[in-house]
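Here the structure comes first, spelled out in structure tokens, and everything after it is commentary.
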Amino acid sequence: MTDPVTSDAPSPIRTERGLERLIFFSDAVVAIAITLIVLPLVDSAREVADTSTSKFLSDNSYGLLAAGVSFVVISSFWREHHRLFERATGYTPLLVRLNMLWLLCIVALPLATILDVYSHRGDRLAIGIYLGVMIAAMTLSRLAELVLYRANLLADAPQVTTLDIAVRWISVATVCLALTIALVVPHVGLWSLLLWIAVGPIESMIKRRKSHQTT
């Protein structure tokens with residue numbers, strides 16, 4: 001006899017309200033993560049009364065750099081997330097799972113920052129963890145876009161091409177290159193992320209060539 005509870009079960013209803021809740025939850029997690037970055041430096045700043053501001057800045061110069069880089073990184077990830085979900089017209093269970101894994105990476109970034117700041121300069125493991133978390137977050141974001149594209153849940157889906165999707169992976173490849181450089185030359189550390197500056201011009205150049213070919 002067929003189980004009436006499990007047979008012919010309707011697929012879960014996915015409403016606009018559900019998509020909004022997913023976005024609000026993601027924004028809240030990102031806001032908390034971006035706040036956690038500076039907490040270790042706040043604790044160190046309490047010792048200024050026993051030393052001086054100049055000594056604090058000198059002793060924590062790398063920590064301040066790492067916190068600044070992490071703030072920029074998380075902000076960039078949030079902007080990408082915002083642009084993607086602003087285009088989304090719905091969601092799928094796979095998208096929810098990918099988004100949760102993406103949030104896990106965002107939450108892990110402050111911890112990865114602390115490991116990198118308080119480890120010995122040139123610690124390959126600390127650098128690898130930090131840049132590895134970045135790569136994972138970026139990869140998950142690209143996969144989420146791919147899921148929405150294939151499910152026809154992007155508002156601009158008719159205008160999106162395979163090239164547009166492929167170009168988005170340039171930044172992932174760039175951070176992978178930065179990770180390779182940092183592991184081969186550990187003292188370079190987070191400075192290898194300066195390669196990221198080239199991503200924008202490269203993507204713009206490809207898009208300009210695409211527009212010239214279509215006109």
Side-chain angles (χ1 to χ4, degrees), residues 5-37 69-113 128-179 193 196 199-200 202-204 206-207 210:
V5 176
T6 59
S7 64
D8 300 325
S11 58
I13 299 174
R14 301 183 187 96
T15 63
E16 184 178 344
R17 175 67 173 171
L19 180 61
E20 289 177 354
R21 291 194 64 197
L22 179 63
I23 296 171
F24 292 156
F25 176 75
S26 301
D27 287 347
V29 173
V30 173
I32 293 171
I34 210 168
T35 304
L36 292 176
I37 293 173
V69 169
S70 294
F71 185 90
V72 172
V73 167
I74 294 180
S75 298
S76 175
F77 286 169
W78 179 85
R79 287 197 303 271
E80 284 188 349
H81 188 274
H82 172 69
R83 285 194 292 264
L84 175 60
F85 278 82
E86 195 173 33
R87 297 158 56 204
T89 58
Y91 63 98
T92 68
L94 179 56
L95 179 68
V96 174
R97 288 193 289 271
L98 289 173
N99 190 70
M100 288 300 178
L101 290 173
W102 180 83
L103 289 175
L104 177 61
C105 293
I106 297 299
V107 171
L109 270 173
L111 175 59
T113 302
I129 290 174
Y130 185 89
L131 295 180
V133 170
M134 278 190 62
I135 292 169
M138 296 171 72
T139 300
L140 289 164
S141 179
R142 304 306 181 272
L143 291 175
E145 182 179 31
L146 189 58
V147 167
L148 287 170
Y149 175 69
R150 290 186 171 178
N152 197 28
L153 292 175
L154 288 175
D156 60 344
Q159 289 77 41
V160 177
T161 65
T162 304
L163 178 62
D164 295 325
I165 299 294
V167 166
R168 302 274 291 142
W169 290 87
I170 292 176
S171 56
V172 180
T174 302
V175 180
C176 286
L177 177 59
L179 173 60
L193 282 175
W196 208 1
V199 172
I202 292 174
E203 290 182 350
S204 298
I206 294 174
K207 290 177 181 177
K210 175 193 170 185

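Residue indices begin at 1 and follow the sequence shown.
Considering CG of Leu146 and CG of Leu95, their distance stands at 11.5 Å, rounded to 0.5 Å. Distance CD1/Ile23 to CD/Glu86: 9.0 Å, rounded to 0.5 Å. For the atom pair CG of Leu109 and CD1 of Ile34, the computed distance is 10.0 Å after rounding to the nearest 0.5 Å. How far CG of Asn152 is from OG1 of Thr89: 7.0 Å, rounded to the nearest 0.5 Å. For the atom pair NE2 (His82) and CG (Asp27), the distance works out to 8.5 Å, reported to the nearest 0.5 Å. How far CD1 of Ile74 is from OG1 of Thr35: 9.0 Å, rounded to the nearest 0.5 Å.
Counting only residues at least two apart or in different chains, salt bridge (charged side-chain N to carboxylate O under 4.0 Å, His left out) contacts with residues 128-145 comprise Glu80-Arg142, Arg87-Glu145, Glu145-Arg168.
Applying the side chain to side chain contact (heavy atoms under 4.5 Å, CB included) test between Leu94 and each of Val147, Asn99, Leu143, Leu148 identifies Val147 as the sole match.
Under the 4.5 Å side-chain criterion, counting only non-hydrogen atoms from C-beta, Phe85 is not in contact with Tyr91.
Residues Ala33 and Val107 share a closest heavy-atom pair of CB-CA, 4.3 Å. Contact detail for Trp102 and Phe77: the closest heavy-atom pair is CZ2-O, 3.6 Å. Summarising the geometry of Ala144 relative to Leu84, their closest heavy-atom pair is CB-CD2, 4.0 Å, with the distance given to 0.1 Å. Summarising the geometry of Thr92 relative to Ala151, their closest heavy-atom pair is CG2-CB, 4.2 Å, with the distance given to 0.1 Å. Minimum heavy-atom separation, Phe71 to Ile37: N-CD1, 3.8 Å.
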Sequence neighbours left out, cut at 3.5 Å: what donor-acceptor pairs do the side chains of residues 128-141 make with other protein atoms?
| from | atom 1 | to | atom 2 | distance (Å) |
| --- | --- | --- | --- | --- |
| Tyr130 | OH | Ser70 | OG | 2.7 |
| Thr139 | OG1 | Ile135 | O | 2.8 |

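Here the side chain of Ser76 pairs no donor or acceptor atom with the backbone of Val72 at under 3.5 angstrom.
Looking at residues two or more places apart in sequence or on another chain, you find no ring-ring contact (aromatic ring centres under 6.0 Å, His included) involving Tyr149.
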